[in-house]
A.B. asks: 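Just passing along the structure, written as structure tokens.
Letters go in sequence order (proteins before strands), and every chain restarts at 1. Note: hydrogens, waters and symmetry copies are ignored here, and every other heavy atom, side chains too, is used. The shown structure was predicted, so the numbers you read here are calculated from the model rather than taken from an experiment.
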Amino acid sequence: MPELPEVETVRRGLLPAMQGARFLSVSAHRQDLRWPLPPQFATRLKGATVERLTRRGKYLLAALSSGDTLIMHLGMSGSFRISNGLAADAASRHGAHDHVVFVMSSGATVTFNDPRRFGSMLLIPSTELETHRLMRGIGPEPLDGDFDGAALARACAGRAVSLKAALSNQKIVAGLGNIYVCEALNRARLSPRRKASTLGGGGAAKKRADALAAAIKAVLADAIEAGGSSLRDHRRPDGELGLFQHRFRVYDRAGEPCPNRGCTGTIRRIVQNGRSTFFCPVCQR
DNA sequence: AGCTCGACCTGCACGC
DNA sequence: TGCGTGCAGGTCGAGC
């Protein structure tokens, strides 16, 4: 499910259920997510209050009153669902792939579901967050004010890889994945096959970097405003569908006309680094 | 160090 | 109907 807009949508959906609320009970129906759940997972959470629920790239971070931070990642197929039934009920009444259930003092039950189990939950002392191996080295937040063409060009300097590979790399920019990389490159009219290092330098290179940084910000902001994308039946925590999939310009649109103004090209699918890329070979150079 | 690729897992859509 | 194949919004770690 999750690239930055979906994770941000999940975060906003979970806020009223989790932020400021205490864990009344925690049930782990499966320990073997991407990594095994930490020892004493339920015990360490129980009784703690979620002081702040934030996001870094595609990670959700719950800072707890206990001094720990709960790090959550949705992998490819993870989702959260909020329900409000009787607490004892809700925790025991769980369906297929409901791996973790939090019963919160807000009255909400928060259920983590993840068929493929590429998602993860970790618990680490908050003081170690910044130096943690999963956090250290994550690139700039693309929606932050100081992310711009120059920052992007700097991160791509000397990179022999394609723009597609570079933007998919969380160390270069945080939060982009297969969909939004394709979408941003189409908006910026840049080829996914172009070398990332060609964003560096003056003149035309600077124009490319500025256009790409602006396109990344725009597509992410538009997608968040639409509540993210809902593919394959995925839902937001409140059960609503995100709507941005209807506004994809290229993703999964091979054979359709390029939507860029004045362009008569046709969207094509290619494979880069083992993943589908969708782009317009006519206007994306 | 950077880069490519296989591996991790389940489910679904497709063709035979 | 069943079975095989390929594909899916991620990312880690082995091996060059």
Side-chain angles (χ1 to χ4, degrees), chain A residues 1-11 29-37 55-60 71-80 95-99 112-122 132-139 142 155-185 192-193 195-197 200 216 219-220 222-224 226-237 241-254 269-278:
Chain A
M1 187 205 187
E3 298 181 37
L4 188 155
E6 290 74 40
V7 178
E8 179 60 21
T9 299
V10 168
R11 187 187 75 82
H29 303 295
R30 270 196 93 136
Q31 308 279 331
D32 54 336
L33 306 187
R34 163 142 215 184
W35 295 294
L37 288 180
R55 179 188 57 72
R56 178 77 174 97
K58 299 175 191 172
Y59 290 96
L60 283 170
I71 304 178
M72 298 174 279
H73 195 287
L74 301 176
M76 287 280 264
S77 58
S79 62
F80 283 96
H97 309 304
D98 286 346
H99 305 312
F112 177 66
N113 182 285
D114 184 8
R116 293 175 74 177
R117 282 183 284 120
F118 289 170
S120 55
M121 291 202 186
L122 277 79
H132 190 269
R133 62 185 183 88
L134 294 180
M135 298 290 115
R136 189 178 5 116
I138 296 186
C156 287
R159 295 285 183 162
V161 293
S162 65
L163 278 178
K164 170 73 187 306
L167 296 184
S168 304
N169 181 347
Q170 303 301 297
K171 293 180 174 169
I172 293 182
V173 198
L176 298 179
N178 212 33
I179 292 178
Y180 295 102
V181 168
C182 294
E183 294 296 312
L185 287 169
R193 299 194 270 214
K195 294 257 172 282
S197 57
I216 290 168
V219 70
L220 295 178
D222 288 354
I224 290 170
S229 306
S230 295
L231 265 44
R232 292 175 277 283
D233 269 8
H234 270 286
R235 302 256 160 182
R236 295 155 54 177
L241 289 165
L243 297 173
F244 195 71
Q245 67 278 14
H246 302 300
R247 288 164 53 190
F248 290 165
R249 296 185 180 203
V250 292
Y251 184 80
D252 207 17
R253 295 201 184 281
R269 174 186 181 271
I270 60 172
V271 175
Q272 292 180 289
N273 304 97
R275 320 277 292 165
S276 289
T277 298
F278 299 90

A.B. asks: Any base atoms under 4.0 Å from A:Leu134, or only sugar-phosphate, or nothing? Heavy atoms, all strands.
C.D. replies: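 Answer is sugar-phosphate: A:Leu134 comes under 4.0 Å of backbone atoms only.
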
A.B. asks: Of the options B:dT10, B:dG2, C:dC7, whose atoms approach the side-chain atoms of A:His97 most closely?
C.D. replies: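 Closest nucleotide among those given: B:dT10.
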
A.B. asks: Could you check which of B:dG11, C:dT11, C:dG10 has an atom nearest any side-chain atom of A:Pro2?
C.D. replies: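 Closest of the options to the side chain of A:Pro2: C:dG10.
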
A.B. asks: Does A:Arg116 get its side chain close enough to the base of B:dC9, under 3.5 Å, for a donor-acceptor pair?
C.D. replies: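 Such a pair is found, so the answer is yes.
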
A.B. asks: Could you tell me whether A:Ser168 contacts a base, only the sugar-phosphate backbone, or nothing, with contacts defined as non-hydrogen atoms closer than 4.0 Å?
C.D. replies: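 Nothing, no nucleic acid heavy atom in range.
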
A.B. asks: Which nucleotide, B:dC3, C:dA8, C:dT11, lies nearest any side-chain atom of A:Arg269?
C.D. replies: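 In terms of side-chain proximity for A:Arg269, the closest of B:dC3, C:dA8, C:dT11 is C:dA8.
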
A.B. asks: Indicate, with a heavy-atom threshold strictly under 4.0 Å, whether A:Arg275 touches base, sugar-phosphate, or nothing.
C.D. replies: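 Contact class for A:Arg275: base.
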
A.B. asks: Could you check whether any side-chain N or O of A:Glu183 sits under 3.5 Å from a backbone N or O of A:Val219, counting only pairs where one atom can act as donor and the other as acceptor?
C.D. replies: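 Between the backbone of A:Val219 and the side chain of A:Glu183 there is no qualifying donor-acceptor contact (under 3.5 Å).
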
A.B. asks: Would you say A:Arg269 and A:Thr277 make side-chain contact, with heavy atoms under 4.5 Å?
C.D. replies: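 Not in contact.
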
A.B. asks: Pick the P atom in B:dG6 and in C:dG6, then give their distance to the nearest Å.
C.D. replies: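 That atom pair is separated by 13 Å.
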
A.B. asks: I want to check something: taking the side chain as every heavy atom from C-beta on, are A:Tyr180 and A:Leu220 in contact at a cut-off of under 4.5 Å?
C.D. replies: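 The answer is yes; the side chains approach within 4.5 Å.
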
A.B. asks: Indicate, with a heavy-atom threshold strictly under 4.0 Å, whether A:Ser197 touches base, sugar-phosphate, or nothing.
C.D. replies: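 Touches nothing.
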
A.B. asks: Between B:dC3, B:dT4, C:dA8, which nucleotide has the shortest distance from any of its atoms to the side chain of A:Asn273?
C.D. replies: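 Nucleotide nearest to A:Asn273's side chain: B:dT4.
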
A.B. asks: Would you kindly give the CG-to-P distance between A:Leu167 and C:dT11, to the nearest whole Å?
C.D. replies: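 Whole-Å distance recorded here is 14 Å.
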
A.B. asks: NA contact type, A:Ala160, heavy-atom cut-off 4.0 Å: base, sugar-phosphate, or nothing?
C.D. replies: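 Sugar-phosphate: the residue A:Ala160, judged by heavy atoms under 4.0 Å, touches backbone atoms but no base.
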
A.B. asks: Decide, applying a 5.5 Å centre-distance limit and a 30° plane-angle limit (both strict), whether A:Phe118 stacks on C:dT11.
C.D. replies: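 Stacking between A:Phe118 and C:dT11: absent.
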
A.B. asks: NA contact type, A:Phe248, heavy-atom cut-off 4.0 Å: base, sugar-phosphate, or nothing?
C.D. replies: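 Since no nucleic acid heavy atom lies under 4.0 Å of A:Phe248, the category is nothing.
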
A.B. asks: Are the side chains of A:Gln272 and A:Pro192 in touch, meaning some heavy atoms are under 4.5 Å apart?
C.D. replies: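 Of all side-chain heavy-atom pairs linking A:Pro192 with A:Gln272, at least one is under 4.5 Å.
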
A.B. asks: Measure from NZ on A:Lys171 to C1' on C:dG13 and round the result to the nearest Å.
C.D. replies: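 Checked: the NZ to C1' distance equals 11 Å.
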
A.B. asks: Figure out the CG/P separation between A:Asn113 and B:dG11, and round it to whole Å.
C.D. replies: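 Result: 10 Å.
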
A.B. asks: So if I take every side-chain heavy atom of A:Glu3 and compare against B:dT10, C:dG10, B:dG2, which nucleotide ends up nearest?
C.D. replies: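 The answer is C:dG10.
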
A.B. asks: Taking the side chain from A:Ser230 and the backbone from A:Gly242, do they hold a donor-acceptor pair closer than 3.5 Å?
C.D. replies: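 Yes.
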
A.B. asks: Rounded to the Å, how far apart are A:Asp114 CG and C:dT11 P?
C.D. replies: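 After rounding, the gap between these two atoms is 13 Å.
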
A.B. asks: Compare all side-chain heavy atoms of A:Ile172 with those of A:Arg159 and state whether any distance is below 4.5 angstrom.
C.D. replies: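 SC-SC contact between A:Ile172 and A:Arg159 confirmed.
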
A.B. asks: Without decimals, in angstroms, what is the distance between A:Arg34 CZ and B:dC8 C1'?
C.D. replies: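 In whole Å, B:dC8 C1' lies 7 Å from A:Arg34 CZ.
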
A.B. asks: Could you check A:Lys58 against A:Arg133 and say which one's nearest nucleotide on DNA chain C is further toward the 5' end?
C.D. replies: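 It is A:Lys58 whose nearest nucleotide is closer to the 5' end.
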
A.B. asks: With rounding to the closest Å, how many angstrom separate the P atoms on C:dC7 and B:dC5?
C.D. replies: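 Here C:dC7 and B:dC5 have their P atoms 15 Å from each other.
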
A.B. asks: So does A:Gln170 get a side-chain nitrogen or oxygen closer than 4.0 Å to the phosphate oxygens (OP1/OP2) of C:dG10?
C.D. replies: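 No.
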
A.B. asks: Give the rounded distance in Å between these two atoms: CG of A:Asn178 and C1' of C:dC7.
C.D. replies: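 So the CG-C1' distance, A:Asn178 to C:dC7, works out to 12 Å.
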
A.B. asks: Could you check how far CG of A:Asn169 sits from P of B:dA1, rounded to whole Å?
C.D. replies: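 Value for this atom pair: 14 Å.
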
A.B. asks: Grab the CD1-C1' distance between A:Ile138 and C:dG10 for me, whole Å please.
C.D. replies: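 From A:Ile138 CD1 to C:dG10 C1': 13 Å.
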
A.B. asks: So is A:Arg117 actually on top of A:Trp35's ring, under 6.0 Å and inside 45° of the axis?
C.D. replies: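 Checked: cation-pi criterion not met.
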
A.B. asks: Starting the side chain at C-beta, find the nucleotide from C:dC12, B:dC3, B:dT10 nearest to A:Arg159.
C.D. replies: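 Nearest nucleotide to the side chain: B:dC3.
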
A.B. asks: Regarding A:Gly177, tell me which of base, sugar-phosphate or nothing describes its non-hydrogen contacts under 4.0 Å with the strands shown.
C.D. replies: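 The answer is sugar-phosphate, as A:Gly177 gets under 4.0 Å only of primed atoms, P, OP1 or OP2.
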
A.B. asks: Searching all strands shown, indicate the nucleotide that pairs with C:dC3 (Watson-Crick or G-U wobble; both distances under 3.5 Å).
C.D. replies: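 Result: B:dG15.
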
